[in-house]
Asker: 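Sharing a structure with you now.
Each chain gets a letter, A, B and so on, in the order the sequences are listed, and its residues count up from 1.
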Protein chains: 2
Amino acid sequence: MSSDERRELVLDAATTVFGEAGYHGASTDAVARAAGVSQPYVVRMFGTKQQLFLDVLGRALDQLMEAFRAAIAGDQEVPLPRRLGLAYFELTGNRGILLCLMHAFSLGAEPVIGPAARCGFMDVYRLLRDEGGMSADEASAFLAGGMLSNVILGVRMLDDYDEDPAVRELLVTVFPEKLEIIRATHPPRQPAAGSRAGASGSR
Amino acid sequence: MSSDERRELVLDAATTVFGEAGYHGASTDAVARAAGVSQPYVVRMFGTKQQLFLDVLGRALDQLMEAFRAAIAGDQEVPLPRRLGLAYFELTGNRGILLCLMHAFSLGAEPVIGPAARCGFMDVYRLLRDEGGMSADEASAFLAGGMLSNVILGVRMLDDYDEDPAVRELLVTVFPEKLEIIRATHPPRQPAAGSRAGASGSR
DNA sequence: GTCGCTTGTAATCATCCGATTACCTATTGT
DNA sequence: ACAATAGGTAATCGGATGATTACAAGCGAC
């Protein structure tokens, strides 16, 4: 397999792993195992874990912005916020992208990740303002909704869908349509705990 | 000094340290140093680092909810969202509280922190709905704004206030008043880099 | 065929970190 | 006086982890 293919493979794996555990919580070994390669290979490909994270972050931002650009260029009949919302929904299919962004956004104090995260955030803001033609208020409101959605994905609120009516109400409000598709895309990781009768019994 | 006083002191320090570096990025030793005690003492007081984080998280949620409750009970002349916004602004004075929440919200996959974070998030949502009398849409919109604010604090966007007009525009939009106070409360950590004339010059 | 490059791994190193143990020092109750 | 208890630390241990080194297999050029 060519190096570039492996590289993409590793970046995909790293996006997932960093998305789940965060920058500090993820190990290069976990990334390597997820990608099916050895740990030294991962660090040699990217130099350092930090550089790997920066590459993951950059790629996530690229994917996000490309999706938004396509939405902006899309069917002008449908209102822009809705087009962007649908683009966001598609991104939702790969939790890793959005969760890595959230982790990066929480690490502003990191000496090199912090500035990169700020720069990436502003790139998105500028995209909405300049290419999307949104006002500052519109862009902020859209970003606010996106941040709430990201947090809901990050905290795995979908895992509690069956546990609590208030969770359902919140999710229906935040994802007014497509919730069922998102639910299907993001299956609970612990077996829903509410499912009675010792499913595959612990112990 | 009594054990309870030390405990609060350590919890304060831990809130700051966890807020800066996140759960995995912070060490019990960093917390201990910030609190002025020894590392073994910190872990003996809380059992494990995880339990310490859970206690920090619980206390942060308590402080958040107490502030919101006070806002709800406040001057009924002024609209509720504004009262809550002012309460949020006060919380902003201690970055650690809000940043710890954000870190927790990004760790939904953690087996014990995740559920605690979900529960805490829903407690806040229910507070807004039930005690605040907000609709689901109103509560979601308020939370969305809060999440964007938290991200902006977490990514330390205020550090770039002087670097980029777009940053100023965004900050003015998200913190339409009190921005100057928040700026004063959250001084940049790297010396603003924009200050001309080779300040302590790189290289 | 063999040189040299690319793609990869096994083994190992050095460090950090959470946790444990053992010990120290006041104060307090009797 | 002197246990007993609370508050606290130094020393250390064991595991995890990022990084480095050395090595090996495939393969195209000449």
Asker: What verdict does the side chain to side chain donor-acceptor pair (under 3.5 Å) test give for Tyr125(A) and Asp130(A), after you've listed the backbone C-alpha separation in whole Å, the side-chain angles of each residue and the deciding distance to 0.1 Å?
Answerer: CA-CA 9 Å; Tyr125(A) 177 74; Asp130(A) 301 341; over 6 Å; no

Asker: Any residue in residues 108-116 of chain B with a heavy atom nearer than 4.0 angstrom to DNA chain D? Just list them by number, or reply none.
Answerer: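 Here the set is empty: none.
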
Asker: I want to check one thing: is the phosphate of dT6(C), taken as OP1 and OP2, less than 4.0 Å away from some side-chain N or O of Ser3(A)?
Answerer: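 No, outside the criterion.
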
Asker: Between atom CG of Leu143(B) and atom CG of Leu170(A), what is the distance when rounded to the nearest 0.5 Å?
Answerer: 7.0 Å

Asker: Take the angle between the ring planes of Phe18(A) and Phe53(A) and call it parallel below 30°, perpendicular above 60°, tilted in between.
Answerer: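 Phe18(A) vs Phe53(A) ring planes: perpendicular.
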
Asker: Find the bend of the helix from dG1(C)-dC30(D) to dT30(C)-dA1(D) as the angle between its two terminal axes (five pairs each), to the nearest 10°.
Answerer: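 For the helix from dG1(C)-dC30(D) to dT30(C)-dA1(D), the axes at either end differ by 10°.
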
Asker: Is the distance between the ring centroids of Phe142(B) and Phe68(B) under 6.0 Å?
Answerer: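 Yes.
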
Asker: With a 4.5 Å limit on heavy-atom distance, are the side chains of Met134(B) and Leu84(B) in contact?
Answerer: yes

Asker: Hey, does the side chain of Arg118(A) reach the backbone of Asp160(B) with a donor-acceptor pair shorter than 3.5 angstrom?
Answerer: no

Asker: Counting only heavy atoms and a strict 4.0 angstrom limit, can you tell me which residues of residues 34-60 of chain B come near DNA chain D?
Answerer: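 Residues of residues 34-60 of chain B under 4.0 Å from DNA chain D: Val37(B), Ser38(B), Pro40(B), Tyr41(B), Arg44(B).
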
Asker: So, His103(B) side chain and Gly19(B) main chain: donor-acceptor pair closer than 3.5 Å or not?
Answerer: yes

Asker: Salt bridge check: are Lys49(B) and Asp29(B) linked by an N-O gap of less than 4.0 Å?
Answerer: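 The answer is no: the pair does not qualify as a salt bridge.
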
Asker: Decide yes or no for Glu110(A) and Glu20(B): does some side-chain heavy atom of the first lie under 4.5 Å from some side-chain heavy atom of the second?
Answerer: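 SC-SC contact between Glu110(A) and Glu20(B) ruled out.
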
Asker: Just by modelled atom types, is the Ala87(B) backbone N or O under 3.5 Å from a matching donor or acceptor in the Glu90(B) side chain?
Answerer: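 No, because the side chain of Glu90(B) does not come within donor-acceptor range (under 3.5 Å) of the backbone of Ala87(B).
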
Asker: Counting N and O atoms only, with roles assigned by atom type, does the side chain of Glu138(B) sit under 3.5 Å from a partner on the main chain of Ser135(B), one being a donor and the other an acceptor?
Answerer: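 Yes, Glu138(B) side chain to Ser135(B) backbone: donor-acceptor pair under 3.5 Å.
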
Asker: Does anything in residues 19-28 of chain A reach DNA chain D, meaning a heavy atom under 4.0 Å, and if so which residues?
Answerer: Ala26(A), Ser27(A), Thr28(A)

Asker: Any ion pair linking Arg126(B) and Glu131(B) (charged N to carboxylate O, less than 4.0 Å)?
Answerer: no

Asker: What are the 5'-most and 3'-most nucleotides of DNA chain D lying under 4.0 Å from any heavy atom of chain B?
Answerer: dG7(D) to dA11(D)

Asker: Arg95(A): what forms a side-chain hydrogen bond (donor to acceptor under 3.5 Å, both in side chains) with it, not counting sequence neighbours?
Answerer: His186(A)

Asker: Between Arg59(A) and Asp62(A) (salt bridge meaning N to carboxylate O under 4.0 Å), is one present in this structure?
Answerer: no

Asker: Let me see the working for Tyr88(A) and Asn150(A) under side-chain contact (heavy atoms from CB on, under 4.5 Å), right down to the final yes or no.
Answerer: CA-CA 10 Å; Tyr88(A) 178 88; Asn150(A) 288 347; 2.6 Å; yes

